[in-house]
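Reminder, nothing fancy here: chain letters follow the sequence lines and each chain counts from 1. Keep in mind that what you see is a predicted model, and the values were worked out from it rather than measured. Values below: all heavy atoms of this structure, side chains included; hydrogens, waters and symmetry mates excluded.
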Amino acid sequence: MRTGLSVRTIAALLLILLPAPLVIVIGSSFSPLAVLGFPPPGFSWRWYLEFLRTPEWLWAFGVSAGIALASAVLTTLVALGAALALQGAPARWRGWAETAILAPLLFPHAALGIGLLGWLILAGLNGTATGILAAHLILCVPFAYRPIAVSLAQIDTSLAEAATILGADPRQAFRRVTLPLLRPGIAAAMLFSFIISFDEVTVTMFLVGPETTTLPVSIYARLNDSADPVVAAISSILILLTAGLVLLMDWLVGLRIFIDVEEEGRHPAA
Amino acid sequence: MTSTLLSGRLQLDAVSRSFGKLKAVDGVSLDIAAGEFIAFLGPSGCGKTTLLRIIAGFETADAGSLLLDGRDVAGVPPNRRDVGLVFQNLALFPHLTVAENIAFGMELRGRPRAEVQAKVEEAISLVALGGLGGRRIQQLSGGQKQRVALARALVLKPSVLLLDEPLSALDMKLRRQLQQELKTLQRSTGTTFIFVTHDQEEALSMADRVAVFSSGRLEQFDTPQMLYRRPASRFVAEFVGDANIRDAGQLAPLGIAPPAGTLLVVRPEDCALGTAAEAAPIRREGTIEALDFVGPHARLRLVLDGLAEPWLALCPGALAAGLAPGGRALLGFDPARAASVPAA
């Protein structure tokens, strides 16, 4: 299919504009000076070393990574359970439950932050990693539920029946047929959850404590009182990490499966 | 699985299944011998697929019993029933290769790898898919997918293999070819086949016996010849092939009086036209209303003099005989060759 010149121009502009902020961030991270600026006046690893030498930064990074990892795994399990439970539910129930799951998307994050803080204080978990994890679970579930539910809906129900008639008990049918076919959805859910948890600032700001703070919140706090390029260096590391994660997922489970599914739909069996 | 030489006898006794107010299967009794090729025939929504799912164990009967080789299988789940099923959409596992699809059932049973491999090879060659074992399902054509589905079910040597309209998605030519292959396969394996279809030609050409269903009820269970020549009900006479079905009132002008409460079923090919009709016991002139040329013969619709209902006739040499729409022709038939069905 040939696309028009205007469409291609817009696409080209988008492709240039999308990574534009990244260029500024990564470029200024190599500045040898103590002021954030672009283009950098020279090249140095100074601010990367600064990050690696500061225990507070490393601690925040560790907390963020730990919370994001736990959040990715737990959120995906919760979303998988919800999707499986709602699969056969009556349409009305399902509608209500899905609205509830997606609700965190509808509320202003600042309001959510205050609300969650209230609950965490009641539970005695404010300022702890567990508290932040609980909040991130709520924030990530909408993003994890969608890809899993969509994957599940695409699986023909007769496939599980086929496994059954071939001798599989319900658990074997799930493990050998349903679960492998849910792989792209589960991978996407874990990836989304990890990245969202790792990047979250607005809600988390309300929940951090003196001992436990996350990397993005620390960056934000640092930007408020000084603008040295260490935040650019950290951001560059995060960009690299996220890109690495996406590539890793692609290598492990093949995000291409998404494309294959669509291709198959577009060209019905010859 | 069983110790008997020939397994696969299936006995259904007054099996019923309702969904709300709808009686999907209504008191169906069938005795299917081991190694028979059976077709379940009927229009969509007649209950044939529900009955198939009851036999497979995916649906439970509200009433009646189901015996497989003499054993009541009511409480046996589908995975322990020794019944195979080829799904309408085939339901091949898209994340597995052809060989892995076929090996699926044996691997669940924990058979040794060497045995699984040998059986898979055997099954692949049985359905003429040699060399395609490593292919992904998406890379196969419709006919090849069909064969994988068959191999996957047959490799487990089930007592009964259920096939739910498996050929309906294929084009006519491939369909004919696979019908023949299925028949050969059934003979060579000796497995009881139950083939669900809404295509009467498919049912008649493939099956040893055909069960005809209508609105959940079994209309007739008989050989294709008997079904065609001696239909048990008006529904069967109409559904299986074309027929001129007439009651006493409609036959009176022709001088025929069928027994009370019965209808006469005259097949179009039993109606002779022109000179061939002159020797027939019943004759009547008429006007040709329509003539469809369908290769080996022509299908005609005639309005006979003094009769309201038009008659259907099949005539091999219609064109050669100079018959054409609007023309006149003599139609004749022998009521002794006709079947009769209850008028109810």
### Query
Any side-chain heavy atom of A/Leu166 within less than 4.5 Å of one from B/Leu156?
yes
### Summary
Scored by heavy-atom pairs under 4.5 Å with chain A, the best of B/Ala153, B/Gly57, B/Pro78 is B/Pro78
### Message
If I compare all heavy atoms of A/Ile165 with all of B/Val83, which pair ends up nearest, and what's the gap?
### Response
CG1-O, 3.3 Å
### Heavy-atom pair count under 4.5 Å with chain B, highest-scoring of A/Asp156, A/Ile155, A/Leu181, A/Thr157
A/Leu181
### Query
Counting only heavy atoms not in A/Arg146, do more than 12 fall under 6.0 Å of its CZ?
no
### Message
Surrounding CZ of B/Phe37 (heavy atoms of other residues, nucleotides or ligands, distance under 6.0 Å), is the total greater than 12?
### Response
yes
### Query
For A/Glu161, is it the side chain, the backbone, both or neither that has a heavy atom under 4.5 Å from a heavy atom of chain B?
both
### Query
Where on B/Arg81 is there a heavy atom nearer than 4.5 Å to chain A: the side chain, the backbone, both, or neither?
neither
### Task
Count the heavy atoms of every other residue, nucleotide or ligand shown that sit under 6.0 Å from CZ of B/Phe19, and state whether that count exceeds 12.
yes
#### Entry: Side chain, backbone, both or neither of A/Ala160 within contact of chain B (heavy atoms, under 4.5 Å)
neither
### Message
A side-chain contact here means heavy atoms from C-beta on lying under 4.5 Å apart; do B/Leu108 and A/Arg176 qualify?
### Response
yes
### Task
Measure distances from B/Leu92 to the heavy atoms of chain A and classify the residue's part below 4.5 Å as side chain, backbone, both or neither.
backbone
### Message
Does any backbone or side-chain atom of B/Phe87 lie under 4.5 Å from a heavy atom of chain A? Answer side chain, backbone, both or neither.
### Response
side chain
### Any donor-acceptor N or O pair under 3.5 Å, side chains B/Asn89, A/Ser158
yes
### Message
Check this for me: B/Arg80, atom CZ, are more than 12 non-hydrogen atoms of other residues, nucleotides or ligands nearer than 6.0 Å?
### Response
no
### Task
Using a 4.5 Å cut-off on heavy atoms from C-beta on, say whether the side chain of B/Phe58 contacts that of A/Thr164.
yes
